[in-house]
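Below: the structure, in structure tokens.
Just so it is clear, the values below take in all heavy atoms, side chains as well, and ignore hydrogens, waters and symmetry mates. In this text, all values refer to a predicted model and were calculated from it rather than measured experimentally.
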Amino acid sequence: EKLYKNEILSINKIFTDAIKQAIIDYGNDTEDTLIGIKHSILNAPEMLKNPPVQCLKNKKNSDIAVIVSTGPSLTKQLPLLKEIQNKITIIAVDASMPILEKWNIVPDFVTSLERVEASAKFFKETSPEFQKKFITIHASLQHQEVLKNSYGDKIFSMRAFLYNKYLELDEYG
């Protein structure tokens, strides 16, 4: 034990890191992972009837992209964003949709990644007419309430969780 103390500690760290990484590959915790698997299975028919995520490669307004999120800085930047919206590609998070609609700023893409029902609020607060003007990129593990309130073109992307690799649907993420 005294002779190999450093090697033992080093190997122990390697094992500990490997176990942590294996857990992270499956999600935050087992319950969270099971929810994600359930939602992904429920959403699979909808995902498969829409184009794969790779089709987005050439769908853009410009080589310049702006990512729009919520927060105090968004309010400050809205006038500039409105002015340049036709000269850039706008990628927005779902929480910013109601604000963008009020300012009549139409994103090219909206991302919605969470598996929780609360994300449906952003879609409920945004008109179907507005949503039909852009492509929504949904995570395959979205809650059904989100999808029920999502209108317009949809693309699903499978998150990089190990259980998704077994489906062998690489073109979907």
Side-chain angles (χ1 to χ4, degrees), residues 1-60 63-77 88-97 99 107-123 134-150 154-173:
E1 190 175 320
K2 289 178 186 177
L3 263 161
Y4 297 102
K5 179 181 178 185
N6 290 337
E7 287 82 1
I8 292 169
L9 290 173
S10 176
I11 292 169
N12 188 42
K13 182 175 177 356
I14 292 169
F15 284 150
T16 304
D17 290 345
I19 291 168
K20 284 180 185 175
Q21 188 59 49
I23 292 169
I24 289 169
D25 281 347
Y26 283 98
N28 299 335
D29 62 36
T30 52
E31 186 175 334
D32 193 49
T33 300
L34 290 173
I35 290 168
I37 292 170
K38 175 185 173 190
H39 290 179
S40 293
I41 291 168
L42 290 171
N43 295 336
E46 182 75 12
M47 180 180 76
L48 294 172
K49 76 178 185 182
N50 285 287
V53 73
Q54 273 85 2
C55 79
L56 294 176
K57 288 180 182 175
N58 297 319
K59 291 192 178 271
K60 58 185 179 176
D63 287 335
I64 299 169
V66 173
I67 298 173
V68 178
S69 188
T70 57
S73 62
L74 176 58
T75 305
K76 293 180 208 171
Q77 300 300 326
I88 60 173
T89 299
I90 299 174
I91 304 167
V93 299
D94 52 7
S96 67
M97 284 191 307
I99 298 164
D108 297 283
F109 309 104
V110 169
T111 61
S112 189
L113 303 176
E114 298 299 327
R115 69 190 82 207
V116 296
E117 185 176 356
S119 294
K121 169 187 173 193
F122 309 123
F123 291 88
F134 52 79
I135 297 171
T136 304
I137 305 166
H138 290 283
S140 63
L141 49 64
Q142 291 256 247
H143 192 281
Q144 291 292 302
E145 194 66 20
V146 174
L147 298 178
K148 184 174 125 185
N149 290 283
S150 175
K154 296 176 186 67
I155 289 180
F156 289 79
S157 177
M158 293 169 46
R159 304 262 305 265
F161 295 130
L162 194 55
Y163 63 82
N164 281 328
K165 292 180 184 180
Y166 294 116
L167 299 175
E168 297 181 4
L169 296 169
D170 295 342
E171 66 272 21
Y172 287 92

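Side chains of Ile155 and Asn50 form no contact here, defined as non-hydrogen atoms less than 4.5 Å apart. Considering only heavy atoms from C-beta on, Phe122 stays 4.5 Å or farther from Asn149 through its side chain. Side-chain atoms of Leu48 and Leu169, non-hydrogen and from C-beta on, do get closer than 4.5 Å to each other. Residues Thr136 and Phe123 form a side-chain contact, since some pair of their non-hydrogen atoms from C-beta on lies under 4.5 Å apart. Between Phe156 and Leu147, the closest side-chain pair of non-hydrogen atoms falls below 4.5 Å. Looking only at side-chain heavy atoms (C-beta outward), Asn43 and Gln144 come within less than 4.5 Å of each other. Residues Pro107 and Val68 have side chains not in contact (no heavy-atom distance under 4.5 Å, counting atoms from C-beta outward).
Ser140 and Met47 make their closest contact through CB-SD, 4.0 Å (heavy atoms, listed as atom of the first residue, atom of the second, distance). Here the shortest heavy-atom pairing between Ile35 and Arg115 reads CG2-CD, 4.0 Å. Residue Lys154 comes nearest to Pro51 through the heavy atom pair O-CD, 4.0 Å, listed as atom of the first residue, atom of the second, then distance. What you find for Phe134 and Phe109 is that their closest heavy atoms are CB-N, 4.4 Å. When every heavy atom of Thr70 is checked against every heavy atom of Ile99, the shortest pair comes out as CG2-CD1, 4.3 Å.
Between the side chain of Ser10 and the backbone N or O of Asn6 there is no donor-acceptor pair closer than 3.5 Å. Between the Gln142 side chain and the Glu114 main chain, a donor and an acceptor come within less than 3.5 Å of each other.
Rounded to the nearest 0.5 angstrom, Asp94 CG and Ser69 OG are separated by 9.0 Å. Interatomic distance, OG1 of Thr89 versus CG of Asp63, reported as 7.5 Å (0.5 Å rounding). The distance from atom NE2 of His143 to atom OG of Ser112, rounded to the nearest 0.5 Å, is 12.0 Å. The structure places CG of Asp108 at 8.0 Å from CD1 of Ile91, a figure rounded to the nearest 0.5 Å. Between the CG atom of Leu113 and the OG atom of Ser119 there is a distance of 8.5 Å, given to the nearest 0.5 Å. Note: Ser40 OG to Arg159 CZ = 9.5 Å, rounded to the nearest 0.5 Å.
The neighbour count for Ile64 CD1, taken as heavy atoms of other residues, nucleotides or ligands under 6.0 Å away, does not exceed 12.
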